[in-house]
Protein chains: 4
Amino acid sequence: MPEIKVFKVHYNEKQEQIIISAEKLFSEGGFSGTSVRDIAQEAKVNVAMISYYFGSKEKLLEAVFEYRILGTAIQLENIVANDKITPIHKIYSLIDHYTDKLFNNQCFYKLMLREQLKQMENADLLEIIYKSKKKNLDLISNLISEGQAKGQFRKKIDVSLMMSTLFGASNQVFFNQPFYRRINGLESMPEDEFQILLKKRLRLHLKNMFKAILTHEL
Amino acid sequence: MPEIKVFKVHYNEKQEQIIISAEKLFSEGGFSGTSVRDIAQEAKVNVAMISYYFGSKEKLLEAVFEYRILGTAIQLENIVANDKITPIHKIYSLIDHYTDKLFNNQCFYKLMLREQLKQMENADLLEIIYKSKKKNLDLISNLISEGQAKGQFRKKIDVSLMMSTLFGASNQVFFNQPFYRRINGLESMPEDEFQILLKKRLRLHLKNMFKAILTHEL
Amino acid sequence: MPEIKVFKVHYNEKQEQIIISAEKLFSEGGFSGTSVRDIAQEAKVNVAMISYYFGSKEKLLEAVFEYRILGTAIQLENIVANDKITPIHKIYSLIDHYTDKLFNNQCFYKLMLREQLKQMENADLLEIIYKSKKKNLDLISNLISEGQAKGQFRKKIDVSLMMSTLFGASNQVFFNQPFYRRINGLESMPEDEFQILLKKRLRLHLKNMFKAILTHEL
Amino acid sequence: MPEIKVFKVHYNEKQEQIIISAEKLFSEGGFSGTSVRDIAQEAKVNVAMISYYFGSKEKLLEAVFEYRILGTAIQLENIVANDKITPIHKIYSLIDHYTDKLFNNQCFYKLMLREQLKQMENADLLEIIYKSKKKNLDLISNLISEGQAKGQFRKKIDVSLMMSTLFGASNQVFFNQPFYRRINGLESMPEDEFQILLKKRLRLHLKNMFKAILTHEL
DNA sequence: AATGAATGAGTTTTCATTCAT
DNA sequence: TATGAATGAAAACTCATTCAT
């Protein structure tokens with residue numbers, strides 16, 4: 001029996017195929033709605049290989065999360081650490097960064113949202129997610145404090161509500177694209193063109209909103 | 001054989017039990033993650049009764065949606081139609097209304113969010129949801145126009161983005177309660193007390209935010 | 001509870017509806033392939049009524065047989081008893097008679113054939129069928145003896161093989177109509193026109209054949 | 001997952017066990033009257049293995065047909081091609097051949113007859129059967145033409161009616177063995193002895209009949 | 001006399017995983 | 001190391017029948 005892999009390992013080619021396929025299918029059909037056979041077929045590997053490499057379907061899900069979260073955590077720190085720009089522009093940069101990630105990793109964010117809706121009985125997975133969130137939140141908190149210290153942001157900001165607004169609004173817009181199309185009569189616009197338009201509008205909206213709540217005395 | 005019910009019918013006691021149970025379990029474990037056996041057990045009815053009354057698991061899901069959506073559509077209109085209050089207070093009222101509904105129908109909103117993440121192959125269900133959303137959006141659009149006409153709201157408001165912000169942010173906060181607790185050191189607060197606190201904070205946050213984006217020239 | 005009906009009763013309207021519907025559906029889909037719900041729907045009665053009137057699905061099958069067999073046994077005797085025509089013409093008349101019944105009671109004959117293929121565990125039903133067959137065979141035997149006594153038929157005729165040939169060939173032709181159409185390029189001929197043609201050809205074939213085996217010394 | 005086999009493959013041992021068992025049980029109890037559990041039990045394999053190997057119960061039925069039809073098609077050609085014997089003796093040989101196959105493959109022929117009675121919605125299966133029949137019919141047609149060319153058979157023979165007579169009569173006799181026993185007072189004769197007797201009589205009967213209709217001017 | 005509601009036992013099929021090699 | 005074969009458990013659903021009225 002192969003040792004069940006935990007954290008920070010390098011996956012071989014087959015394993016990566018499996019993870020990518022799982023991410024895609026889990027995001028589309030949900031965890032229970034996707035069978036390991038489907039994943040094996042998508043990844044063009046033998047069914048038994050999934051149990052063999054990851055131990056179980058559950059463990060595969062963890063691997064997917066771990067793979068993406070560890071793979072994308074670093075950039076945020078660079079933004080916050082950058083001395084050259086003002087706090088509000090760091091916020092703008094943050095918005096650009098998150099919307100980019102969201103639009104580029106649709107599968108994964110869908111999957112993450114999905115899993116958050118479960119009462120996650122899977123404690124390991126929950127811990128991975130919490131840790132990642134906490135780290136991000138701390139970084140943003142520092143950024144806000146910096147703005148407040150410089151007198152550019154107003155006092156009394158609930159950072160976690162603010163971040164929830166950023167993520168929640170973005171997700172909501174993102175996962176309601178078909179509805180947004182219909183409402184605004186954009187059914188016939190090509191997919192990529194539409195996504196560019198939507199991202200632009202979303203960013204503008206978010207930036208306006210964050211400027212308002214961060215800088216105006218209300 | 002009972003005719004499979006479609007729309008606006010009154011469900012009998014057993015049927016309601018089933019719907020309520022299904023709503024709860026679907027919201028917790030997802031559609032595929034919940035078996036009809038589980039639902040039958042929760043509702044304390046025979047398994048066969050679910051097929052008997054609703055035809056299939058899929059149809060039961062539709063029934064759940066229909067039951068809640070048709071059951072809660074009306075109140076919004078009253079808010080908008082009310083002559084006694086200003087547009088911005090209607091918005092506040094709307095925020096109170098939505099957060100109330102969200103906190104009181106946790107199961108259903110969780111379920112709805114879940115299902116929206118699927119590429120819903122179930123066209124009937126999608127239509128039910130779209131229709132309900134469109135109706136709400138139209139009401140809000142009128143409200144915004146009213147505020148603009150009265151010179152109280154600024155021009156150029158993307159109503160659908162605004163509503164996405166309301167729903168998205170609320171949902172995000174709502175479904176991240178455990179995280180919010182941890183972050184803010186509220187692990188030991190009793191559940192209901194915490195929910196009241198959270199709702200209060202969320203409402204304040206939303207009202208501030210909406211006032212800012214609706215009324216300030218940015 | 002109503003007494004379960006046995007033999008020679010008069011069925012009321014609803015009961016007849018059920019029997020006719022059952023005959024049709026059993027003949028098409030087989031006994032196990034047809035559900036009592038299907039029958040109830042076809043007969044436009046309540047499902048429970050079938051158990052109520054006939055006791056069980058099995059008993060309903062018996063009722064179908066009994067209904068048809070008792071309903072059609074008499075005419076054969078008239079043919080054989082007729083003094084006006086020669087034995088060979090009685091045979092011809094018999095062929096006409098059987099092919100008529102076959103083409104007019106397609107459902108029932110299909111059903112009967114079907115049931116004969118089962119190792120009929122249902123002893124009651126088997127007895128009904130055997131009795132009917134035996135009676136027919138005796139009549140024909142007498143007819144053959146008459147022809148032999150008159151020197152018109154040859155000796156040494158195995159009557160049961162002869163009757164099997166009549167029934168078997170007719171059935172085979174009858175239930176292979178689609179194949180016969182294809183083979184003979186008659187796919188586009190209207191159904192009723194085709195049936196008339198087929199019946200005519202089948203009768204001619206059978207009459208020739210029976211004349212040959214009954215009258216020629218070989 | 002094994003690719004679902006189509007046509008002309010070699011089945012492994014387990015698969016053959018399943019096919020043989022299915023043939024037996026389907027022939028006895030009909031398709032709907034036989035459960036996959038029964039088949040699995042008879043074949044002494046796991047229930048899931050049937051789906052695993054054949055995909056579905058329906059596909060298993062197809063496999064049974066294909067297995068037998070492809071397995072027995074060849075011999076007929078040898079008979080027809082044989083230069084050493086006259087056309088009428090080829091017909092006799094054909095009768096011997098068919099009755100042999102019928103008595104040796106009782107299960108399969110019962111099953112085939114059964115399935116022909118259904119309005120076969122299964123188009124694949126229908127095609128398999130039609131093709132096999134057509135091929136046989138063409139061979140016989142050639143044989144008849146040969147006899148006619150040599151002046152040994154009369155003109156105007158409807159080959160498909162003739163073949164239906166052969167198959168229909170044989171089947172009828174075959175599947176009414178218990179009745180034949182009773183009628184002729186042979187209830188106590190041992191099964192195999194009776195079958196030999198019956199086959200002998202049937203063959204004689206068929207040969208007489210075919211000689212009559214093929215050679216005599218009527 | 002007739003039936004809507006209800007159900008336990010049954011159906012076929014799919015599932016994630018294990019085993020032998 | 002990798003995999004085709006195999007399987008027990010569970011899935012959703014249908015069945016004929018019964019029961020309370």
Side-chain angles (χ1 to χ4, degrees), chain A residues 1-3 12 14-15 18 31-40 45-61, chain B residues 1-3 12-15 18 31-40 44-61, chain C residues 1-3 12 14-15 18 31-40 45-61, chain D residues 1-3 12-15 18 31-40 44-61:
Chain A
M1 189 175 35
E3 24 161 349
N12 67 35
K14 297 243 169 190
Q15 287 170 314
I18 293 171
F31 180 73
S32 336
T34 304
S35 77
V36 291
R37 291 198 120 81
D38 296 339
I39 297 169
V45 300
N46 186 288
V47 220
M49 198 181 263
I50 290 176
S51 295
Y52 176 67
Y53 274 137
F54 297 93
S56 73
K57 195 185 171 188
E58 195 77 30
K59 290 267 175 52
L60 171 57
L61 178 64
Chain B
M1 187 172 38
E3 17 160 352
N12 68 33
E13 205 179 338
K14 297 244 170 191
Q15 288 171 314
I18 294 171
F31 180 73
S32 336
T34 304
S35 78
V36 290
R37 290 195 123 79
D38 297 339
I39 297 170
K44 281 164 196 147
V45 300
N46 185 289
V47 220
M49 196 180 273
I50 290 176
S51 296
Y52 176 67
Y53 274 133
F54 297 94
S56 72
K57 196 185 171 188
E58 195 78 30
K59 290 267 176 55
L60 171 57
L61 179 64
Chain C
M1 189 175 38
E3 24 161 349
N12 68 34
K14 296 242 170 190
Q15 289 170 314
I18 294 171
F31 180 73
S32 337
T34 304
S35 77
V36 290
R37 291 198 119 81
D38 296 339
I39 298 169
V45 301
N46 185 288
V47 219
M49 199 181 263
I50 290 175
S51 295
Y52 177 66
Y53 273 137
F54 298 94
S56 74
K57 195 185 172 189
E58 196 76 30
K59 290 269 175 52
L60 170 58
L61 178 64
Chain D
M1 188 174 35
E3 17 158 355
N12 67 32
E13 206 180 337
K14 296 245 171 191
Q15 288 171 315
I18 294 171
F31 180 74
S32 337
T34 303
S35 79
V36 290
R37 290 196 125 81
D38 297 339
I39 297 169
K44 281 164 196 145
V45 300
N46 185 289
V47 220
M49 196 180 273
I50 290 175
S51 296
Y52 177 67
Y53 274 132
F54 298 93
S56 71
K57 194 184 171 189
E58 195 78 29
K59 290 266 177 56
L60 171 57
L61 179 63

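So that the names make sense, note that chain A is the first sequence line, chain B the second, and so on, each numbered from 1. Worth saying up front: this structure is predicted, and the values here are computed from it rather than measured.
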Atom-to-atom span, [atom1] of [X] to [atom2] of [N] - whole angstrom:
| X | N | atom1 | atom2 | result |
| --- | --- | --- | --- | --- |
| B/Q15 | E/dG4 | CD | C1' | 12 Å |
| C/I39 | F/dC15 | CD1 | P | 11 Å |
| C/K59 | F/dA16 | NZ | C1' | 14 Å |
| C/N46 | F/dT18 | CG | P | 15 Å |
| A/I18 | E/dT17 | CD1 | P | 13 Å |
| A/I50 | F/dT3 | CD1 | P | 12 Å |
| D/L61 | E/dT12 | CG | P | 13 Å |
| D/L60 | E/dT13 | CG | C1' | 14 Å |

Verify the contact: side-chain N or O of [X] to OP1 or OP2 of [N], cut-off strictly under 4.0 Å; return yes or no.
| X | N | answer |
| --- | --- | --- |
| A/Y52 | F/dT1 | yes |
| C/Y53 | E/dA2 | yes |
| B/S35 | F/dA11 | yes |

Quiz item: Taking all atoms of both residues into account, what is the closest heavy-atom pair of A/F54 and A/Q15, and its distance?
Solution: CZ-O, 3.9 Å
Quiz prompt | Least distance between heavy atoms, B/V45 atom then B/K14 atom | solution = CG1-CD, 4.1 Å
Quiz prompt | F/dA11 pairs with, by Watson-Crick or G-U criteria that keep both distances under 3.5 Å | solution = E/dT12
Quiz item: Across all strands, who's sitting opposite F/dA6 as a Watson-Crick or G-U wobble pair, both distances under 3.5 Å?
Solution: E/dT17
Quiz prompt | Minimum side-chain heavy-atom gap B/L60-B/I39 below 4.5 Å | solution =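 In short, these two side chains touch, coming nearer than 4.5 Å.
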Quiz prompt | C/N12 or B/M49, whichever maps to the more 5' nucleotide of DNA chain E | solution = C/N12
Quiz prompt | Position toward the 5' end of DNA chain E (nearest nucleotide), A/T34 or B/V45 | solution = B/V45
Quiz item: Can you tell which of E/dT11, F/dA12, E/dA16 lies closest to the side chain of D/R37?
Solution: E/dT11
Quiz prompt | Closest-nucleotide ordering on DNA chain F, the 5'-leading residue of B/S32 and A/A48 | solution =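 Whichever sits nearer the 5' end wins; that is A/A48.
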Self-check item: Residue whose closest nucleotide on DNA chain F lies nearer the 5' end, D/K14 versus B/V47
Solution: D/K14
Quiz item: If you measure from OH on C/Y53 to CG on C/N46, what distance do you get to the nearest 0.5 Å?
Solution: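 If we round to the nearest 0.5 Å, C/Y53:OH and C/N46:CG are 11.0 Å apart.
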Quiz item: What distance separates D/I18 CD1 from D/N12 CG, expressed to the nearest 0.5 Å?
Solution: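 These two atoms lie 8.0 Å from each other.
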